[in-house]
Number of protein chains: 2
Amino acid sequence: MPTVYDVARLAGVSTATVSRVMRGSDLVRPVTRDRVLAVIEEVGFVPDASAQGLSRRRKEIIGLVGLERGVNETDIERDGLLFVDVVVHAVEAVLRGTDTSLLLSFGPSGEPFASRIRALSGKVDGLLVVEDALAPAQLRALARRLPVVSIAASPGDTGLDVLRVDNPGGMRAMAGHLTSDHGYRRLGFVGGPSDAPDAVERVAAFSAAVHRVPGATVDVVPGGDFSEASGRTAARVLLGREAIPEAVACANDQMAIGVMRELQRSGIAVPADVAVTGFDNVFPGRVVEPPLTTVGQPVRELGVRAAARLLERIEGNTEPPRAETLPTELVVRRSCGCPPADENP
Amino acid sequence: MPTVYDVARLAGVSTATVSRVMRGSDLVRPVTRDRVLAVIEEVGFVPDASAQGLSRRRKEIIGLVGLERGVNETDIERDGLLFVDVVVHAVEAVLRGTDTSLLLSFGPSGEPFASRIRALSGKVDGLLVVEDALAPAQLRALARRLPVVSIAASPGDTGLDVLRVDNPGGMRAMAGHLTSDHGYRRLGFVGGPSDAPDAVERVAAFSAAVHRVPGATVDVVPGGDFSEASGRTAARVLLGREAIPEAVACANDQMAIGVMRELQRSGIAVPADVAVTGFDNVFPGRVVEPPLTTVGQPVRELGVRAAARLLERIEGNTEPPRAETLPTELVVRRSCGCPPADENP
DNA sequence: GAAGGGGATGTAAGCGGTGTCAATGCCGGA
DNA sequence: TCCGGCATTGACACCGCTTACATCCCCTTC
């Protein structure tokens with residue numbers, strides 16, 4: 001593995017010159033530069049990032065940490081694109097324009113993961129924290145050591161840069177659509193994991209919105225884990241009630257699909273007998289029958305902005321931290337009882 | 001940002017002792033260890049990974065590079081879980097048991113990406129290359145500098161460690177099912193991107209298998225890009241033929257779903273009029289109507305084994321490189337014309 | 001009581017780059 | 001001819017951590 005010293009010796013120059021050539025400095029005579037470049041090419045020299053990182057105090061790496069949800073690891077494989085994967089791709093796309101790389105780590109929340117993250121923090125220039133991968137206190141401790149931007153964290157103010165989507169707004173829009181446009185009064189709601197900030201916000205906002213409608217009630221089934229299977233389970237719970245809701249809103253699309261399929265399996269027509277809605281607007285929701293009415297979130301945009309913000313902070317931007325909330329959007333398809341749209345979205 | 005020197009000074013010991021405590025060496029007196037640990041805790045010391053990496057010659061980071069497919073970046077968001085995402089999660093899960101982290105980079109194949117990877121190679125101890133992210137020559141050049149394991153690369157032998165799935169076997173099984181079990185003779189095939197090794201293998205194997213059946217023909221529609229939209233396009237092409245195939249196999253599930261939906265939109269019943277099959281066994285295929293008959297691949301296992309292999313190589317295992325092929329499995333549901341199964345998979 | 005031994009700790013030399021400052025060489029102008 | 005100034009290049013300290021080796025101290029052992 002060749003080093004600057006090897007290159008310097010072979011090119012008959014000093015290491016300083018090799019370094020200058022590598023970094024594209026303009027105070028090297030063209031002929032010298034070419035000679036050095038030739039040697040670099042010849043021996044296949046690639047600078048060691050550790051040495052570089054030590055010397056400049058910059059590693060050109062940012063980290064992204066998120067929760068790995070679900071006991072059954074094959075869920076990931078089966079249940080489709082995770083929120084965090086979209087964020088990862090978005091961040092990576094932003095980084096593509098720089099020479100920073102993305103280091104990532106997922107894990108179940110808890111102390112082992114927290115200490116893994118602490119170790120990881122020594123490898124990066126800044127950190128993106130997705131959802132509540134870290135407790136607020138740990139988050140703040142981290143933020144004292146390096147720039148941290150959090151994505152879709154719980155509402156509570158941490159005094160850090162945060163990017164979120166407007167979950168309550170989306171849920172209010174959905175509740176409004178179901179109660180006003182369709183006139184449903186007996187609503188159901190299938191909740192998500194209580195450690196998912198998004199899930200918590202969603203139940204809360206939906207319930208609150210429904211309760212503001214005179215005569216409307218909502219039957220909340222908690223304990224879902226965002227998987228299709230847990231949607232099916234919730235549907236069975238609902239089927240056991242004396243009165244089945246007219247419409248069931250779910251904390252995410254996967255569960256909504258599970259609910260829909262379980263209802264259909266029991267001979268209940270969706271949306272004729274019971275309407276079902278989701279949240280997230282993921283791909284499978286478009287191809288199920290009936291197509292799922294849901295709430296779309298700008299997940300990719302979330303990742304893009306978070307990455308940009310983190311990069312700024314690393315560059316030394318010291319403005320006070322900002323919380324930014326991106327809008328969500330009601331996506332009306334047919335599972336809520338609306339007529340088929342003409343076009344094929 | 002505290003360093004070992006700070007900790008050493010505050011604890012009244014030498015940096016060597018601090019280092020020993022950090023690395024859990026047992027030749028430190030318990031009382032000394034505690035004193036050092038207290039200081040570490042107090043000042044929130046986290047060792048700088050660059051310095052560590054430079055000193056031990058190990059960065060505790062491995063890289064994963066893969067292709068970012070599709071011009072339209074929102075495809076990712078819309079079309080569901082990518083192959084590479086599953087691999088990423090699998091690799092990450094393996095790494096969770098170690099103190100190595102995962103660095104990743106996606107990009108469109110080409111020189112800019114190749115040089116990005118070269119730079120990246122200075123930041124890692126080893127590299128996983130997914131599909132043909134790198135040309136064989138570049139791959140070999142990289143492999144001279146550090147351990148490289150390639151995942152799902154094109155068949156040609158590169159003399160490196162490779163993990164693949166048995167695409168041909170899966171496709172032969174599918175062709176057999178369609179021609180023998182169902183007796184179809186006029187087949188269609190919707191191909192994937194020509195730069196995707198998997199896609200190439202799949203067409204080839206399917207065509208070959210069909211051609212071995214007397215009287216059977218296959219109408220190949222090339223140029224798909226693995227997206228649902230391109231499946232729809234392909235379906236329209238097929239609808240334009242004078243004779244529509246009795247069964248259409250597709251190079252992946254997303255396209256199969258597109259084909260199915262476009263056929264249905266034109267009033268053609270699936271599978272009654274035309275059978276449709278996919279490849280990959282992703283989540284959406286289970287929830288469409290009719291459920292998609294497809295071929296399942298052990299993608300997660302692929303990632304797990306590749307990661308394990310790379311870690312071994314980094315540890316210094318110098319056995320000759322091995323190519324390993326994991327079996328695929330025919331997943332029969334209803335889109336091929338088979339009767340509904342009782343249980344709910 | 002001196003020598004020997006072993007555990008605990010300190011010293012200091014790298015690891016491979018970067019960047020500062022000094023040195024060198026060459027130029028034109030006085 | 002001599003000198004200042006600019007363009008290049010070199011020498012070397014330093015970044016923070018690890019580790020081989022040296023040192024020191026306290027016991028045992030004969």
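Chain A is the first sequence line, chain B the second, and so forth, proteins listed ahead of strands; every chain is numbered from 1.
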Under 4.0 Å protein heavy-atom contacts per nucleotide of nucleotides 13-24 of chain D, with B for base, S for backbone only and - for none: --BBBBB-----

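- Defining each end axis of the helix from C:dG1-D:dC30 to C:dA30-D:dT1 as the rotation carrying four pairs' C1' atoms onto the next four, with five pairs an end, the two axes are found to diverge by 60° to 10 degrees.
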Look for any protein N or O under 3.5 Å of an N or O in nucleotides 6-8 of chain C and output each such pair with its distance, or none.
{"from": "C:dA8", "atom 1": "O3'", "to": "B:R29", "atom 2": "NE", "distance (Å)": "3.4"}

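- B:G12 comes within 4.0 angstrom of sugar-phosphate atoms only, judged by non-hydrogen atoms across all strands, and of no base.
- From A:F106, atom CZ reaches atom CG of A:D85 across 6.0 Å, with rounding to the nearest 0.5 Å.
- Every residue meeting the salt bridge (charged side-chain N to carboxylate O under 4.0 Å, His left out) condition with A:E315, not counting sequence neighbours, appears here in chain and number order: A:R58.
- Atom-to-atom distance recorded for B:D48:CG and B:S55:OG is 11.5 Å, nearest 0.5 angstrom.
- Listed by chain and residue number, A:L128, A:V149, A:I151, A:L163 satisfy the side-chain contact (heavy atoms from CB on, under 4.5 Å) test with A:A306 (two or more places apart in sequence, or in another chain).
- Here A:E68 pairs with B:R96 in a salt bridge; the nearest charged N to carboxylate O distance falls below 4.0 Å.
- Within a 6.0 Å sphere centred on CD of B:E111, heavy atoms belonging to other residues, nucleotides or ligands number more than 12.
- The interatomic distance linking B:K123 (NZ) with C:dG17 (C1') rounds to 15 Å, in whole Å.
- Partner B:L127 forms a side chain to side chain contact (heavy atoms under 4.5 Å, CB included) with one of B:I62, B:I117, B:L310 and no other, that one being B:I117.
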Side-chain donor-acceptor distances from residues 317-326 of chain B under 3.5 Å, at least two apart:
{"from": "B:N317", "atom 1": "OD1", "to": "B:R313", "atom 2": "NH1", "distance (Å)": "3.3"}
{"from": "B:N317", "atom 1": "OD1", "to": "B:E319", "atom 2": "N", "distance (Å)": "2.8"}
{"from": "B:N317", "atom 1": "ND2", "to": "B:E312", "atom 2": "OE1", "distance (Å)": "3.0"}
{"from": "B:E324", "atom 1": "OE1", "to": "B:R309", "atom 2": "NH2", "distance (Å)": "2.7"}
{"from": "B:E324", "atom 1": "OE2", "to": "B:R305", "atom 2": "NH1", "distance (Å)": "2.4"}

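- Counting to the nearest Å, the P atom of C:dC15 and the CG atom of A:D6 are 11 Å from each other.
- Separation of atoms CZ (A:R164) and CG (A:L302) is listed at 10.0 Å; rounding is to 0.5 Å.
- Distance check: A:L64 CG to A:L103 CG gives 9.5 Å after rounding to the nearest 0.5 Å.
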